[in-house]
Amino acid sequence: MARIATFFDAVWSILKGMGVTFREMVRPTITEFYPYTRPELPDGARGIPVLLSDEEGNLKCVACELCAKICPPQIIEIIWHRGEDGKGKKILDGFNLDASRCMFCGLCAEVCPFEAIAMSDVYELTTDDPTTFVYDIKRLAELGRKQTTPITNYGVKTTYVGTEASGKTVPLDSVVTRPAVGQPGSERTAVSQ
Amino acid sequence: MADEEKELQSQEAPAEGSRGEHGEKQRPARRTRTPKKEEAPGPHDTLEDLPGELARAVERIRAGLPGVEVRGRRDHWLEIRTEPSRWVEVATFLRDDPELRFDYLALLTGIDRLDDGFEVVVHLNALTSNLRLILRTQVPREEPVCPTLTGVWPGANWHEREAYDLLGIRFEGHPDLRRILLKEDWVGHPLRKDYIDRRPPRKIQVKADWERRA
Amino acid sequence: MATTSPPAQAPDVRVVPDEQDRSSSHLYVSMGPQHPSTHGVLRLKARIDGERIVDVDPDIGYLHRCFEKHSEQLTYPQIVPYTDRCDYLAAINNELTFALAVEKLLGLEVPPRAQYLRVITMELQRIASHLIAFGTFAMDLGATTAFLYCWRERESIINLLEEISGARMLFHYVRIGGVRNDVTDDWLRRVRAFVDDFISDKLPQYHRLITGNRLFVRRTKGIAVLTPEDAIAWGASGPVLRGSGVARDLRKVEPYCGIEKYDFNVPVGENGDVFDRYMVRMLEMEESAKIIKQALEGIEAGDVMAPLPRRWKVEGETYVRTEGPKGEVGCYLVGDGSDKPYRLHWRAPSFVHLQLIPVISKGLLIADLVAVIGSLDPVFGEVDR
Amino acid sequence: MQLEQSLVQWVGNLYAAGLSWWTSLGIPEWVWVALMAVLKGVAVLTFLLLNVLFLIWLERKVAGRIQRRPGPMHHGPQGIFQTLFDALKLVIKEDIIPSQADKWVFITAPLVMIAPALMIWVVMPFGPDLIARDLNVGLLYVSAVSSFSILALIMAGWSSNNKWSTLGAMRSAAQMISYEIPLGLALVAVGMLAGTLSLKGIVEAQQERTWFLLLQPLGFLVFIVAATAEINRAPFNLPEAESELVAGFNTEYSGFRWGVFFVAEYANLLFMAGMAATLFLGGWSGPAFLPPFLWWLLKTYLFVFLIMWVGWTLPRIRVDQLMELGWKFLIPVGLANIALTGVFVILT
């Protein structure tokens, strides 16, 4: 008798579970069709760090190397020289960032006293060539020049779109076909706008 | 067993200049600053007037284990320093004493104190009274052998294996002293301060080949 | 395709044969490291007789990255993101443990608002981690759907935490001296909404789907019993210890972040079997939700970061432990007065719990072994460190 | 109803005309008969494979919806061609045979698996006249052929030279042998009630009386549980329990061979659902606004959906509990059901 009761108990528990799954089945799905519709990233989402420029399109970075020092995996390399016969201000020559080892902790953006580097919302870094993981000053500046929002939580949003309307993914390389650092007339969206 | 031990020992101290795959090269110990003790009152300093429970526990330990250094710290941890030879005896007393009953081993690890040898640190807990105790001993660098605590708290098993693996402290009487995190043929013990990683330096120069690609 | 890096050297492959006694009728199987239900890269060298387990030997270290050695070369703020990667399913709890340890050595006072935010994020993280534990456990037992439901709720938590920290898994939110940034009232309201929905709708759904299911109960009740004596002797903690009936919760025993002000219960199991460990986690989610609600009511305005010293002078040693979702997360920190730790040891609960597998799984079936792993809920980021 | 009958008549006329033309050519008649048999087989096979393609898609959709996912969405409307592309991919994949495998057994196993899965369809009555061969020992044939696939699983598990595969094969052998018996017992009760073993006869018996689901609730329960276990569906999917035995007997299989196993599994699922519909829900019989074949299809897919729904809800059961359920519950219940049915048959 007890066995029969157990049996009906078991059947009832199974039916309850099936009720749960059936109710979920008739509800709408919650999936995002990722490459076609993209998630709305919150302000300050931490993608790859980018170099920001000022109103004239010049990079804000003054080569103080604070970010390179704080970076836990030590992936930032800053190349500079002193202007005016080795006495004047530091002049930034190069800024390399190895995105393959970046852990997106955001310390570089937090430590920067000039808001020259910020975490962007660029997170699609996939490439078929590992050497492109090293982002040089041109690419970082180009990404930074697409900044659309003021810096929130040490991060900015950019106009970077990794996917065209057709759904074809555009490699990041093709983004950098624009005028390079500091050249007048380079396209940018100012922070103040 | 004896052969194994010999083998272990030969792994401990490779000949001068011998190198493993990523192994250590015996060099004079790299001098980092050894920690100075008791400069300003910190949470770890000795507390003179202990609260009742701790004072009772200290009394009890002093009575049961004559000749053992015991003190109460400001953060309410008791601290015992003992010789490796009395290691198991002290541990067994701490576990079995009906008033103390340190039945819970939270952590066993080692610290490389350079010239002072290796320090084996055990953090104990008494679940009934929530007394907390640190048990320490020091083993010489040349002969880092410490008796095992697996007979007292079986949970010390993997902690000791890890300390053996990363620091090279051999726990005598351990039922299964093998490397646990590193692969079995690894040479050297990485958490030692004189362990030199022979792989390329950590700060790799990033080289942008963007120019070349473009 | 041309790559600039030199060709990789052929690795020195030496196969270390497992000890096998060919004369016995036992079968040696290697479960993992690429087995679907080992929760990462665990390898179990099992000796089986038919489907019954005679002996198991866990083999770990596949994810070892020498986090402790690495931190000896990093300054304290730089270590925080690395602690995230220990138990990557409960990053906030790890950051918190490390931050508490450094704060203790520095003698820092954390502002009250930061304390509240720490409690809220920590308990949200605990729910998220328990959801994964529950989901993967159900999946190991073959109930795939429950797993997906858990991810659905975890997604909400992750979205909430992403909003304030900017990352989805390795949050890097709790910092030494406080938390990274303040939150808006709107965020707090949404946390409240999530918690209410979770308690009233989602948890009962899990119970209807899985806990009440007779097949599930029969697969988990009375399996792999861990006696309270064994649990204490082997150093178990967290839900594993509480599942065995020992009511030890570090939030009660050694309160931190002002958690002593909150009213919550410590769920305790009776038999110490797989079902009890599972049930303790389920009940803990409710308690976490309770804590979050109280924190949301009590939260006050103010700073979220204590003023940090110009120069880091961390001296002395400390062992700070918190109640992580998996158990006692401990940080043993020895400072030598410089800005880098002299020694950092991470006490990972999963590491300790994995020792229990040979203890409790003798004589079980392979299907039970899977359930045992699921009930111990190991995370290999922290086991191997 | 009319449409289908006229279609069958038309085909019959065509057959007769063809035969007379064929004999006028001077070729013996048996060649024509053999040729037509092959053609019939191809027709059933095509129907079956199309259904299997649809079933796999349906499984993914049902699982997806239960888990609040949309399932495949890309190829075709609602991803209906997804399985087709998957099948193409499987066909063109590299054919891997493990070097230590027992090569010929390894190659033969999928064929041994698919053969009974197709053979069994001979007796399935799709409609009053749509039946390949109405054997008067239909039920016997079903239980005989359906137990064939154990052989294939054991061959696959053993020849892979993989411990997990062997374990999976052993599990499936134990499972199928245990569940063959309650399945047979359920079939016996149905046969007693109908007074015939022919499947067509059983459907007609149900048309006379009522659905056997109402007369045989216990038998139906035993049948549906045993059938689910017989075709290795969740929660009885122990031979291929991915979280325990990696993938069980087909761990080492890939590409086309794996695809064959997959197709056989779904063919079996469809067959068991069809059997449930035929034996307990009156098969092709139903109100005349739909042709009989569609009635059969509808009822079959009802059971298919039920099996999928249960499968995606429940956790897997353990191997010893599986044996307990089979031997200690289903067989006694099946026997009791036979006794009850006997009493019922005598009384009415």
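Within every chain, numbering begins at 1; the chains are lettered A, B, ... in the order of the sequence lines, protein sequences first and strands thereafter. These figures come from a predicted structure and were not determined experimentally.
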Residue, of R65(D), R69(D), R68(D), that accumulates the most heavy atom pairs under 4.5 Å with chain A: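 Option with the top pair count is R68(D).
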Side-chain donor or acceptor of E265(D) paired with backbone N/O of N232(D) under 3.5 Å: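 Side chain of E265(D) to backbone of N232(D): no pair is present.
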Proximity breakdown for L314(D) and chain A, heavy-atom pairs closer than 4.5 Å: side chain
Interchain contact, L221(D) with chain A, by part (heavy-atom threshold 4.5 Å): side chain
Pair up each side-chain donor or acceptor in residues 327-338 of chain D with any protein partner under 3.5 Å, not counting sequence neighbours, and list the distances.
residue	atom	partner	partner atom	Å
W327(D)	NE1	S178(D)	OG	3.1
N337(D)	ND2	Q216(D)	OE1	2.9

Which atom of K61(D) lies closest to which atom of P70(D), heavy atoms considered: NZ-O, 2.7 Å
F85(D) and H75(D) aromatic ring geometry - parallel, tilted or perpendicular at 30°/60° bounds: tilted
